[in-house]
Structure formats: C-alpha cells, structure tokens
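Heads up, the thing below is written out as structure tokens.
Chain letters run A, B, ... following the sequence lines, proteins first, then strands; residues in each count from 1.
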Amino acid sequence: MSQIEITLPDGSRQAVEAGTRPIDVARSISPRLADAALVAKLDGNLADLDQPIEKSASLEILTAKNSEALYVYRHSTAHLLAAAVLELYPETKLGIGPPIENGFYYDFDRPTAFTPEDLEKIEKKMWEIRNRHIPYERIFTRKEEGLKKYSEAWMKCELIAERAGEIFTEYTLGPAFIDFCRGPHLPDTSKIKAFKLLSIAGAYWKGDEHNKQLQRIYGTAFFTQKELEEYLNRLEEAKKRDHRKLGKELELFTVNEAVGSGLPLWLPKGATIRRLLEDYILEKERSTGYQHVYTPDLAKVDLYKRSGHWEHYKDDMFPPMDLETEQMVLRPMNCPHHILVYESRQRSYRDLPVRIAELGTMYRYERSGALSGLSRVRAMTLNDAHIFCRPDQIKEEFTKVMQLVEQVYKDLGITQYRYRLSLHDDVKKEKYVDNPEMWALGERVLREAMDSLGLPYVEAPGEAAFYGPKLDIQLADVMGHEETYSTIQVDFHLPSQFALEYIAADGKQHRPVMIHRAVVSTMERMIAYLIELYAGAFPVWLAPVQAIVLPITDRQTEYARGILNRLETAGIRASVDERNEKVNLKIRDAQLQKIPFMLVVGDREQENGKVAVRNRKHGDQGAKTPEEFLAGIRALIESKAVTE
RNA sequence: GCCACCGUAGCUCAGUUGGCAGAGCGGCAGUUUUGUAAACUGCGGGUCGGGGGUUCAAGUCCCUCCGGUGGCUCCA
C-alpha cells in the first residue's frame with residue numbers, strides 16, 4: 001500500500017495509506033468530529049465521507065457549522081423526498097431534485113396531481129424512512145448498463161444519455177431506491193433532523209415550456225428544528241411586508257377587474273409617493289444634463305417594424321388597432337420615439353452627448369400568469385432616457401449613469417443590490433438581432449466600463465435585450481425574488497436601423513451610439529420595492545402624510561386646525577383627526593397608517609401654544625413649539641433621512 | 001400561457017355528510033369629551049366571482065369562463 005499525505009485546514013499533515021476515507025481521518029482526530037461529520041471537502045471539492053482518498057490531498061471535514069454542508073444536507077433531503085414518493089406512489093417517474101437557495105425541490109412525472117394532503121402523507125413517509133437510519137450508498141455503473149436499468153424512467157434515461165460519463169455514480173436509499181446522481185450525500189438518513197414540504201408547483205422538464213410539465217414539490221431543511229421554525233417565522237413576517245397587502249391596507253393602489261389585469265390604479269396616497277419620486281428623479285436628471293420630452297403612448301406599427309420590436313417583441317405587445325388607413329400599437333418601449341426626437345434636427349459632434357429623457361408610459365402584454373401587484377404589470381411608467389453619443393464618449397456616459405444610480409439608491413435608502421451583465425445567448429440566437437460583431441462590441445464595451453469602475457458583476461447569458469447587451473441592477477423583493485430595476489444598455493443596433501447621424505469634426509456623417517438607461521426603473525416596480533423595503537413606513541420625505549394633528553377633545557378643534565394650517569403653510573403634508581374618538585384610537589390608527597409624526601393637542605398644549613410630538617417609531621417626544629417641530633421635520637425631509 | 005390551490009359583506013375570515021348566509025373590524029346614527037396602540041349602544045350592509053348543469057333542495061357536488069396566489073415559462 002502506498003502512502004499519501006493529507007493536509008488538514010489547520011495546516012497539519014498526516015501520512016495515511018492510499019484508500020483511507022475522510023471518515024477514518026475524522027475518527028483519528030476525534031470521535032466527536034466523526035459523529036458531527038456530514039460531508040468532506042477534498043482539494044476544494046465536496047466528497048462523500050466514505051470516498052477513498054487515492055492521492056495526497058487537502059481535506060476538510062464539514063459539519064453543521066458549514067454552509068456548504070447545508071446544500072449537501074438539503075440535497076440528501078431531496079433524495080429522501082423522492083424515496084418517500086416512490087414508496088407511496090410507485091408509478092411516479094423521477095426528474096431532478098437539487099438543493100436551492102432556501103431549500104430543495106424534486107420534480108416528478110405522475111399521471112395524477114399531488115394534493116396538499118399528499119404532501120402531509122409524503123412528509124410522514126419521509127420521517128419513517130429517515131428513522132430507518134439507512135445509508136446513502138454510492139454505486140458505480142456503466143453507462144450502457146445504466147440506460148437499461150433506467151429504461152422505465154424516461155427522464156433519468158435522458159439525463160444519463162446526455163450527462164453521464166462512461167462510468168457514473170448512483171446513490172441508493174434502502175433496497176428499493178436508486179437515483180442517478182453526482183452526489184455527494186450525507187452518510188445516512190439519521191443526520192437529517194428538520195425539514196418541511198412547502199408547496200407543489202408545475203415546472204417544465206428542463207425548463208422548456210415545449211416540454212412536458214412535471215409536478216415539483218418544494219421543501220426546506222435545516223440542521224435543527226429551531227432553525228427551521230425561525231425560517232418559517234421569517235417567511236410569515238415577510239408576508240406582512242408584501243407590497244400588495246400593504247398597498248391595500250395603506251390605500252396606495254388598487255387593481256380592479258373592471259379595468260383589467262396588470263393595470264393598477266394609483267390611489268391618492270400612492271400617487272403622492274409616485275409624484276414625489278418622479279419630481280425627485282426629474283430634478284436629478286435636469287441637474288445632470290438630461291433634456292425632458294413628452295412623446296405619445298402609441299405609434300404606427302411600422303415604426304416598430306423598423307426598430308425591430310415587431311419582429312422580436314410582437315408577442316409581448318398589445319395587438320395592433322386596425323384604423324381606417326393604418327395600424328397603431330401601444331408602445332412597449334420608448335426608444336423609437338426618442339430616436340425620432342434625436343432625428344428632429346441635424347446634430348453636430350459638438351451637440352453630443354444628447355440625453356433625452358421622459359417618464360415614458362409603456363404597455364406590454366405580459367402573460368397573465370406573470371402579473372403580480374405593482375412589480376409586474378401591463379401598463380408602466382419608466383424613468384427612461386436615451387443618450388446619443390460618440391463611441392469615444394460611451395465610457396464617460398456609462399460612468400455618469402452609474403454615479404447617478406449610486407446617488408439615487410443612496411437617497412432612497414437602497415443598500416442591497418447586485419450588478420448583472422446580461423449577455424446574449426449562443427443557443428437561443430433567434431431571440432436577438434443577428435449581428436455578431438455588434439454583440440461582441442457591445443459586450444466588450446460594458447465589460448470594460450464595469451472593470452474600469454472596479455464594480456463586481458455576474459455574467460448572465462440569455463438576459464440581454466433583443467437589440468443589445470445590458471448592465472442590470474438586481475434587487476430582491478421581500479420574498480427573495482430578484483428583479484431588474486435599473487438597467488443600462490449600449491446599443492449599436494437601433495442607430496443603424498434608423499440610420500442616425502451626426503456631423504463630425506471632419507465634416508462627414510458619422511453614426512452615434514445609443515445608451516438606453518433607466519435609473520429608478522418603472523415607478524410601479526420601484527414603489528413596490530420601497531413599500532416592502534420600508535414595510536410601508538416611508539422615510540419622511542416620501543411619506544404621503546407626514547404629520548397628523550390629534551386633538552384630544554373638541555375643545556381643541558380650532559387650535560388643531562390652526563396647527564394644521566401652519567404645517568401646510570410650511571409645505572408639510574398633514575391632516576387633522578377631528579373624529580369624536582379617544583386619543584388612544586387616533587394614535588392607533590395613525591400608527592397603523594405609519595404616519596411619521598402625531599401631534600397630540602390637549603388643553604395643556606393649547607394653553608402653552610405647543611404640540612405633544614409622538615414619532616411612529618420612538619413614541620412620545622414631549623411637548624414642542626410648532627417651530628421646533630417644523631425645524632426638526634424639515635431637517636429630516638431635506639436630508640432624505642431614512643431613520644427619524 | 002401552463003400546473004396546483006383559492007374566490008362568501010368595504011376589509012379579514014367562519015360556514016359540518018347538500019337543508020333558513022354568519023362573526024369581528026370598518027361604515028352610518030346616537031351616547032360619551034376622552035392624554036400616547038381599539039369607549040358604549042343601536043342600525044344598515046350579500047346575484048356566496050360570472051354562466052351552465054345535477055338535485056325536491058347547491059355557498060357546499062359537476063362543467064365552463066373570469067379573477068387572485070404559489071411555481072414554471074417570459075420579463076423593466
């Protein structure tokens with residue numbers, strides 16, 4: 001037997017015989033480690049604890065303290081789910097069952113649908129199997145043999161045919177369960193301590209809607225019951241911040257069937273927030289060189305044929321209106337209109353960059369199943385702009401947009417976001433305009449701009465716009481779903497479609513480059529995000545009602561109205577609660593409405609010419625003169641404070 | 001669009017094996033004049049999402065359409 005050397009995380013080395021298993025090493029260190037061990041990491045790669053080590057390597061024994069072990073743990077729980085389903089419903093065919101961000105899923109093909117009751121049964125069966133304390137056993141199989149073995153399981157066959165090497169691994173769970181799987185897995189089911197099945201959903205085989213739809217069971221698993229409960233509690237808490245729920249409770253917006261799906265109506269308070277946000281971004285743009293325009297929400301369909309929207313985007317547009325002599329469509333994007341604004345006069349290189357901006361309302365025929373509250377709608381207003389510039393100005397313009405994004409996010413209190421470089425997809429070429437040189441150029445320009453700014457990003461093939469690559473800024477909503485908010489796109493395609501030109505220093509015609517950019521995203525999506533970010537308790541500068549005066553009895557009605565008048569004169573959005581109710585109720589209602597400041601006025605305040613200030617987060621702040629209060633609230637508004 | 005689930009008063013929700021549609025909150029009227037998160041009494045309020053079917057009888061069972069939710073696909 002040859003000797004090999006194992007390097008442990010603390011740097012120490014052990015000489016062992018080749019073929020020693022990680023679990024043996026763990027035992028030699030301490031029985032407690034061997035007991036806590038879930039999976040090994042060999043030269044940086046996850047491996048089973050009983051996988052023989054054949055050559056010198058670094059070895060780490062992972063326990064429940066390690067987050068990577070949690071993925072393996074959840075993967076093994078997914079196998080446990082599949083084993084339970086097969087015991088209960090043997091006719092079921094297995095798809096794939098990976099660990100995911102907050103849990104795991106497994107896809108099944110079965111003629112009848114799983115019901116919520118089935119989920120309970122399956123969960124019970126999972127515990128039953130778990131309590132057998134059976135090992136996850138690794139088996140090596142030859143490809144041709146495997147194809148025969150899985151001939152009854154069409155999805156596994158496909159996977160083996162596509163992915164398996166000549167010899168592949170499978171994992172058993174008891175005598176009746178075997179699954180084509182790369183692993184690694186936990187040593188045995190006794191290591192699984194806490195899991196829960198959460199939901200049933202449809203999912204297309206291999207994520208392609210042309211394929212068969214499978215039944216996906218989602219679940220989650222944690223190392224301890226306590227962590228599981230904490231996670232479920234967090235989910236419950238998150239639901240309370242859902243913008244759809246708060247939008248109704250705080251009377252921000254409503255959606256009415258009589259108008260149509262995905263067509264929200266902004267109620268006065270929501271409209272106030274939206275208007276504040278619009279005023280804010282318009283001012284930011286005015287001060288950074290943008291020119292604002294108004295253009296119509298519809299146009300002749302021919303305009304979109306020329307831009308390429310019709311060819312690539314038709315299915316996502318509301319169908320054309322047939323008029324007497326022409327066809328009109330609601331615009332799904334604002335770029336063609338802005339291009340025509342650029343074209344409205346001859347442009348010199350001295351004019352560039354030309355930055356044309358608009359809060360442009362657009363209409364997209366989103367598929368019904370995709371609609372959601374304010375975050376996914378069919379009528380939306382984009383904080384849109386198109387920058388027409390010379391190629392050598394791209395980098396500077398890109399940088400300026402990024403600076404604007406950073407400033408806006410800071411003002412809005414947004415701190416959690418990531419950059420995604422959205423590229424075209426070599427596989428689904430038909431989704432994009434066919435011009436490989438342009439794509440290569442656009443993608444290179446974006447990469448260079450990001451790299452020179454030193455900003456981290458992930459590349460996402462298949463996420464580009466049909467006309468070009470883009471840098472997207474991704475935010476996650478309260479349930480953890482990531483969406484694109486800000487976006488910056490370098491476009492060589494549309495300028496060429498519209499034969500855009502400027503006269504350069506050489507007196508000749510040159511083609512400008514277009515940068516499409518949205519900073520605040522759509523008003524709808526951004527406000528949905530802000531509602532959830534602040535759980536409806538908007539920063540004072542954005543709060544639809546900033547202060548409410550609460551007279552204790554009707555003796556103070558006149559005094560309260562006087563206070564209101566001073567607030568309104570000072571530009572504060574305020575109201576008075578004159579209802580014949582106890583102050584406790586008025587406070588409760590104002591709290592539930594998340595109004596930042598409550599100004600209680602009773603006999604004492606009236607006599608002293610003061611107001612008793614109560615803050616929604618910090619409670620009673622004591623009596624102040626109206627001037628003192630105004631000075632304080634003005635400071636919060638001017639600084640766009642996110643805390644008060 | 002697809003799969004699953006859901007749709008009862010303005011809101012949140014009960015409603016048993018098919019047998020007289022309910023509660024709390026909100027609204028309205030009155031009483032109460034109130035000090036930092038819910039005063040008291042009374043009164044209205046419903047094509048049980050729409051349509052069709054089964055049945056002596058349908059909120060309840062079946063079909064279909066519409067809408068919502070969770071996913072999938074698509075996407076700002």
Quick check for you: among [options], whose closest atom lies nearest to any side-chain atom of [X]?
X: A:V377; options: B:A76, B:C75, B:G35; answer: B:A76
X: A:K431; options: B:C3, B:C75, B:G35; answer: B:C75
X: A:S368; options: B:A76, B:G1, B:U34; answer: B:G1
X: A:T522; options: B:C2, B:G70, B:A76; answer: B:A76
X: A:K582; options: B:U73, B:C75, B:A39; answer: B:A39
X: A:K248; options: B:A37, B:U33, B:C11; answer: B:C11

Atom-pair distance ([atom1] on [X]; [atom2] on [N]), nearest Å:
X: A:R579; N: B:A29; atom1: CZ; atom2: P; value: 14 Å
X: A:L235; N: B:G71; atom1: CG; atom2: P; value: 10 Å
X: A:R614; N: B:G35; atom1: CZ; atom2: C1'; value: 12 Å
X: A:L119; N: B:G71; atom1: CG; atom2: P; value: 15 Å
X: A:Q213; N: B:C3; atom1: CD; atom2: P; value: 6 Å
X: A:I100; N: B:G70; atom1: CD1; atom2: P; value: 15 Å
X: A:I200; N: B:A4; atom1: CD1; atom2: C1'; value: 7 Å
X: A:I552; N: B:U36; atom1: CD1; atom2: P; value: 8 Å

Write down the distance separating the [atom1] atoms in [N] and [M], rounded off to the nearest Å.
N: B:G45; M: B:G35; atom1: P; result: 36 Å
N: B:C65; M: B:G1; atom1: C1'; result: 16 Å
N: B:G10; M: B:G50; atom1: P; result: 13 Å
N: B:A4; M: B:G59; atom1: C1'; result: 22 Å
N: B:G44; M: B:G26; atom1: C1'; result: 13 Å
N: B:C3; M: B:C28; atom1: C1'; result: 46 Å
N: B:C43; M: B:A9; atom1: C1'; result: 15 Å

Suppose we call a contact any N or O donor and acceptor under 3.5 Å apart; does that hold for the side chain of [X] and the base of [N]?
X: A:R376; N: B:C74; answer: yes
X: A:E366; N: B:C75; answer: no
X: A:Y365; N: B:G1; answer: no
X: A:R244; N: B:U69; answer: no
X: A:D554; N: B:U33; answer: yes

Measure centre to centre between the rings of [X] and [Y], then say whether the value is under 6.0 Å.
X: A:Y485; Y: A:Y417; result: no
X: A:Y106; Y: A:F108; result: yes
X: A:H493; Y: A:Y467; result: no
X: A:Y204; Y: A:H210; result: no

So [X], base contact, sugar-phosphate only, or nothing? Heavy-atom distance under 4.0 Å.
X: A:A203; value: sugar-phosphate
X: A:Q215; value: nothing
X: A:E605; value: base
X: A:L214; value: nothing
X: A:A612; value: base
X: A:A518; value: nothing
X: A:K239; value: nothing
X: A:H481; value: sugar-phosphate
X: A:E249; value: nothing
X: A:Y105; value: nothing
X: A:K212; value: nothing
X: A:R555; value: sugar-phosphate
X: A:G619; value: nothing
X: A:Y485; value: sugar-phosphate

**Asked** Considering heavy-atom distances to RNA chain B, does A:G260 or A:L585 have its closest nucleotide positioned more toward the 5' end?
**Response**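 Residue closer to the 5' terminus by nearest nucleotide: A:L585.
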request  = Map A:D472 and A:G262 onto RNA chain B by nearest heavy atom, then report which one ends up closer to the 5' terminus.
outcome  =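 Comparing both residues, the 5'-ward one is A:G262.
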Got a sec, which residues hit side-chain hydrogen bond (donor to acceptor under 3.5 Å, both in side chains) with [X], two or more places apart in sequence or on another chain?
X: A:Y218; answer: A:R216
X: A:K212; answer: A:D109
X: A:K245; answer: A:E249

In terms of side-chain geometry, is the basic nitrogen of [X] or [Y] positioned less than 4.0 Å from the acidic oxygen of its partner?
X: A:E483; Y: A:R376; value: no
X: A:E581; Y: A:R588; value: no
X: A:K206; Y: A:E158; value: yes

*Without swapping roles, check the side chain of A:R364 against the backbone of A:D316 for a donor-acceptor pair under 3.5 Å.*
no
Whether the side chain of A:Q215 engages the backbone of A:F114 through a donor-acceptor N/O pair (distance < 3.5 Å, no angle test) should be reported.
yes
[X] side-chain N/O to [N] phosphate OP1/OP2 under 4.0 Å:
X: A:Y218; N: B:C72; result: yes
X: A:K245; N: B:C11; result: no
X: A:S261; N: B:G68; result: yes

With B for base contact, S for sugar-phosphate-only contact and - for none (protein heavy atoms under 4.0 Å), nucleotides 41-50 of chain B reads ----------
Stems of at least 3 consecutive Watson-Crick or G-U wobble pairs (donor-acceptor distances under 3.5 Å) involving RNA chain B, listed by first number, are B:1-7 with B:66-72, B:10-13 with B:22-25, B:27-31 with B:39-43, B:49-53 with B:61-65
Cationic tip of A:R275 within the cone over A:Y280's six-membered ring, i.e. under 6.0 Å and within 45° of the normal?
->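 Output no; distance or angle outside limits.
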Q: Name all residues meeting the ring-ring contact (aromatic ring centres under 6.0 Å, His included) criterion together with A:F398; count only those two or more places apart in sequence or in a different chain, and write none if there are none.
A: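 Counting only residues at least two positions away or on another chain, A:F398 forms no ring-ring contact (aromatic ring centres under 6.0 Å, His included).
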